[in-house]
Number of protein chains: 2
Amino acid sequence: MDKRITIYDLAKTLGVSAGTVSRSLNDHPSISQKTKDRVISKANELGYKTNKFAVNLSKQKSNTIGVIVPKLNSIFMSTVLAGIEKIANEAGYNLIISQSLESMEKEKLNAKTLYDSGVDALLVSLAYDTTDFDHFANYIRNKIPLIFIDRVHNLPNCSTIIIDNKLAGFEATEHLITQGCKNLLYISGNLKRNVYSERLKGFKEAMAKHNLKFDKANLLESDLGPSSVKDVIAHIKNNNIPIDGLFVANDTFAAHCIKELKKENYKIPGDIKIIGFNNDPISELVTPTLSTINYPGYELGVLAGQSVISHLNGGIDLHPANSITLRHKLIIRESTL
Amino acid sequence: MDKRITIYDLAKTLGVSAGTVSRSLNDHPSISQKTKDRVISKANELGYKTNKFAVNLSKQKSNTIGVIVPKLNSIFMSTVLAGIEKIANEAGYNLIISQSLESMEKEKLNAKTLYDSGVDALLVSLAYDTTDFDHFANYIRNKIPLIFIDRVHNLPNCSTIIIDNKLAGFEATEHLITQGCKNLLYISGNLKRNVYSERLKGFKEAMAKHNLKFDKANLLESDLGPSSVKDVIAHIKNNNIPIDGLFVANDTFAAHCIKELKKENYKIPGDIKIIGFNNDPISELVTPTLSTINYPGYELGVLAGQSVISHLNGGIDLHPANSITLRHKLIIRESTL
DNA sequence: AATATTAACGCAATCGGTTGCGTAATAAGT
DNA sequence: ACTTATTACGCAACCGATTGCGTTAATATT
């Protein structure tokens, strides 16, 4: 029971060649049904397990999909991953997951490691500070499917899966304005990342549409870490004209803002109305409940998964350089009423 | 640039054997420094990349660690994973992550897939309904390190990494009692899982210590899904003696309970004091802020990572059948004051 | 100087499948 | 009955490293 049995063992006991065993096991058309049956039943009898290492070597593919995300421990990202994993698993692929920890250097290392490991495809959500993209060159050159999700960058022949962040930003902002806010503040993540810069565009457009002039004071770029909440409070307290509407780049940070603002005796939504982003579970649990934009993370993951799989199975790019845009949705709760 | 070059290409252009190239690249002692230098510089010059597939096949190991968790999209689990990933990555291992979705069947499939993929070790946090453990037999038989984290089970020669759930449960409960609660309710997850059953033991012990008799009405087993909050409310409303202290198996569910109880006009902590578990980020953001037990997920992951790596490097089990217990901590916030 | 060591490397088997090509045996065509 | 297709399988060359063992050449021993 210790020694793993191989196709050669099977071949010998059955009196056929190893090639025949291999083809039988893979249901190759040029093998008679009778032989296939013999091989398969004998394989079961002896408890044969195919050795993936050998398969990988000879096929030069690993049945594995690499994923690089900024952080694993964010509810949004782990939800996306849950979606990806489900699809990949169903399709018989394994997922190798690594995190860049928002550092381009680590992202590069991960990209290289995964490349060397021979992943068949790579899914990436970019780190905060990624500015160049040479680390993906190998993938592109060797035609390994490369798909960006959420935090994307346009590279030739790479798909992207996103939502319409500009429109979402527009809708969130217009909602604040409709609720009577006159002096808005957009608390953004790193503007190098599409998700935040696009939302800023939408923010500006909404202001323009409603005859509000955009000023630097209407924007605060932040790393969205818990310790940066104080910057937000400072910005708000020091502003000439009192801010009455806050558009925050994610729900968790928005929740922290709410907490601190309440501590500073601001009334939410009385003094300041707040809208977040993502529709994280937390948005329903804070007081007041948080208006937000629903960003379907799980669906995003599922779509990303399906996209890679189809790339991988289709062989040819079914949708060369395509971009999938998911539907978002404005969710109105107490914090803007 | 297209054709990957192999040790044979190197061997040919250098006029040495492939074996020498291989040994040079691996810094084998029986090769002269001069030759090593020649090989290495030529390798760099030609852009040689070692083919992991071939290495895996000949070494029969993959440099990969498998992980099975119930769900990816939980803040606790993804935090644990973040810790594991960091360590594994630093040690040069890849992580293949899969989720059982709380189903034993899927857990079995995952265990099999990962085994077939040739992972060098397996980390597992058990699904809700896992009752038998045959799917791990292959690992044990072939001496592949198997480590359980958080939701554990005692199997021969398998490490477990946990906290003292019983003591934590005791402390949480005693804290409620100290705050004046007389009629407690423990809202538990599936009691087949050690984490929940241990906490129940602690719960009972604390009650006993303070001369409170434990009754079925003091326990509610739940799947802790959002839709089960109504059961909690029903249980509380229908109870003969009004419940004044709630010990909830995790913070997220506790947050949901708080929300619904407030909606039902219960005052927290006035009418009912509540303590959660895990110290999820949400516990600080709800109103009132939630008392809880700090469960250091990241450290747990780090420790799990270090443990596997040492198993893997040490070859021999350094700590056969050991069990690592992390320190937890009672965190008192508004919900129990 | 003759022999025993040691250092440095080559040979070839091995890991376990996959697959193009060739061929014997059987079935079909005329 | 003879030629032509088909079917069913065997052969052996890969895939790209690793590694035990043997061999040559350089160094040490007495």
Side-chain angles (χ1 to χ4, degrees), chain A residues 2-40 42-43 46-64 92 115-120 142 144 315, chain B residues 2-40 42-43 46-64 92 115-120 142 144 315:
Chain A
D2 245 6
K3 193 181 173 323
R4 282 174 70 101
I5 75 156
T6 71
I7 54 169
Y8 296 99
D9 302 326
L10 282 178
K12 194 175 299 174
T13 64
L14 286 167
V16 299
S17 76
T20 298
V21 173
S22 172
R23 282 185 251 254
S24 295
L25 261 17
N26 293 310
D27 203 29
H28 189 92
S30 80
I31 301 289
S32 72
Q33 193 56 48
K34 203 172 75 179
T35 306
K36 284 181 188 169
D37 292 343
R38 282 183 60 220
V39 172
I40 291 173
K42 182 58 85 175
L46 269 52
Y48 167 80
K49 302 278 178 204
T50 130
N51 182 319
K52 298 261 182 164
F53 298 148
V55 178
N56 291 346
L57 174 61
S58 92
K59 291 200 170 166
Q60 295 296 328
K61 56 170 305 208
S62 61
N63 238 56
T64 284
Y115 180 78
D116 290 342
S117 305
V119 294
D120 297 337
N142 292 70
I144 297 173
Chain B
D2 247 5
K3 195 182 172 320
R4 283 174 69 103
I5 74 155
T6 71
I7 54 170
Y8 295 98
D9 302 326
L10 282 178
K12 195 175 299 174
T13 64
L14 286 168
V16 297
S17 76
T20 299
V21 173
S22 172
R23 284 186 250 254
S24 296
L25 262 15
N26 293 312
D27 203 28
H28 190 92
S30 80
I31 301 289
S32 72
Q33 192 56 49
K34 205 171 73 177
T35 306
K36 284 180 185 169
D37 293 343
R38 283 182 62 221
V39 171
I40 291 173
K42 181 60 84 178
L46 269 50
Y48 167 80
K49 302 279 178 203
T50 130
N51 183 319
K52 300 259 180 163
F53 299 147
V55 178
N56 291 346
L57 173 60
S58 89
K59 291 198 170 170
Q60 295 296 330
K61 56 170 302 209
S62 62
N63 237 58
T64 286
Y115 180 78
D116 290 343
S117 305
V119 294
D120 298 336
N142 293 70
I144 298 174

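Since we're looking at a predicted model, the values are computed, not measured. In what follows, every chain begins at residue 1, and chains take the letters A, B, ... in the order their sequences are listed.
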For the side chain of [X] and the backbone of [Y], is there at least one donor-acceptor N/O pair under 3.5 Å apart?
X	Y	value
A/N51	A/F53	yes
A/R38	A/L14	yes
A/S24	A/T20	yes
B/S117	B/V119	no
B/N26	B/H28	no

message: Heavy-atom nearest nucleotide on DNA chain C for B/V21 versus B/Q60: which residue maps closer to 5'?
response: B/V21
query: Starting at the 5' end of DNA chain D and moving along, which residue's nearest nucleotide shows up first, A/Q33 or B/I7?
result: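 The 5'-side residue here is A/Q33.
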- request: Identify which nucleotide among C/dG16, D/dA8, D/dT18 has an atom closest to any side-chain atom of A/L57, counting heavy atoms from C-beta outward.
  value: C/dG16
Nearest-neighbour nucleotide for the A/S58 side chain, C/dA8, D/dT18, C/dT18 considered: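 Comparing C/dA8, D/dT18, C/dT18 against the side chain of A/S58, the answer is C/dT18.
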- prompt: Out of curiosity, B/S62 OG to A/K52 NZ, how far, rounded to the nearest 0.5 Å?
  reply: 12.0 Å
statement: So, with a heavy-atom separation below 4.0 Å from DNA chain D, the residues of residues 10-20 of chain B are B/G19
Report each atom pair, protein N/O against N/O of nucleotides 20-22 of chain C, whose distance is under 3.5 angstrom.
residue	atom	partner	partner atom	Å
C/dG20	O6	A/R23	NH1	3.4
C/dG20	O6	A/R23	NH2	2.3

For [X], report the nucleic acid contact type (base, sugar-phosphate, nothing); a contact means any heavy atom under 4.0 Å.
X	result
A/K49	sugar-phosphate
B/S30	base
B/N56	nothing
B/Y8	base

field: Set of ring-ring contact (aromatic ring centres under 6.0 Å, His included) partners for A/Y48, sequence neighbours left out
entry: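 Not a single residue meets the ring-ring contact (aromatic ring centres under 6.0 Å, His included) criterion with A/Y48.
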task: Give a yes or no on whether a salt bridge exists between B/D27 and B/K36, defined as a side-chain N under 4.0 angstrom from a carboxylate O.
output: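 Between B/K36 and B/D27 there is a salt bridge, with a charged N closer than 4.0 Å to a carboxylate O.
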- prompt: Counting only side-chain N and O atoms of A/T35, is one of them less than 4.0 Å from OP1 or OP2 of D/dC9?
  reply: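 Yes.
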- prompt: Can you check whether A/S22 has a side-chain N or O nearer than 4.0 Å to OP1 or OP2 of C/dG16?
  reply: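 Result: no.
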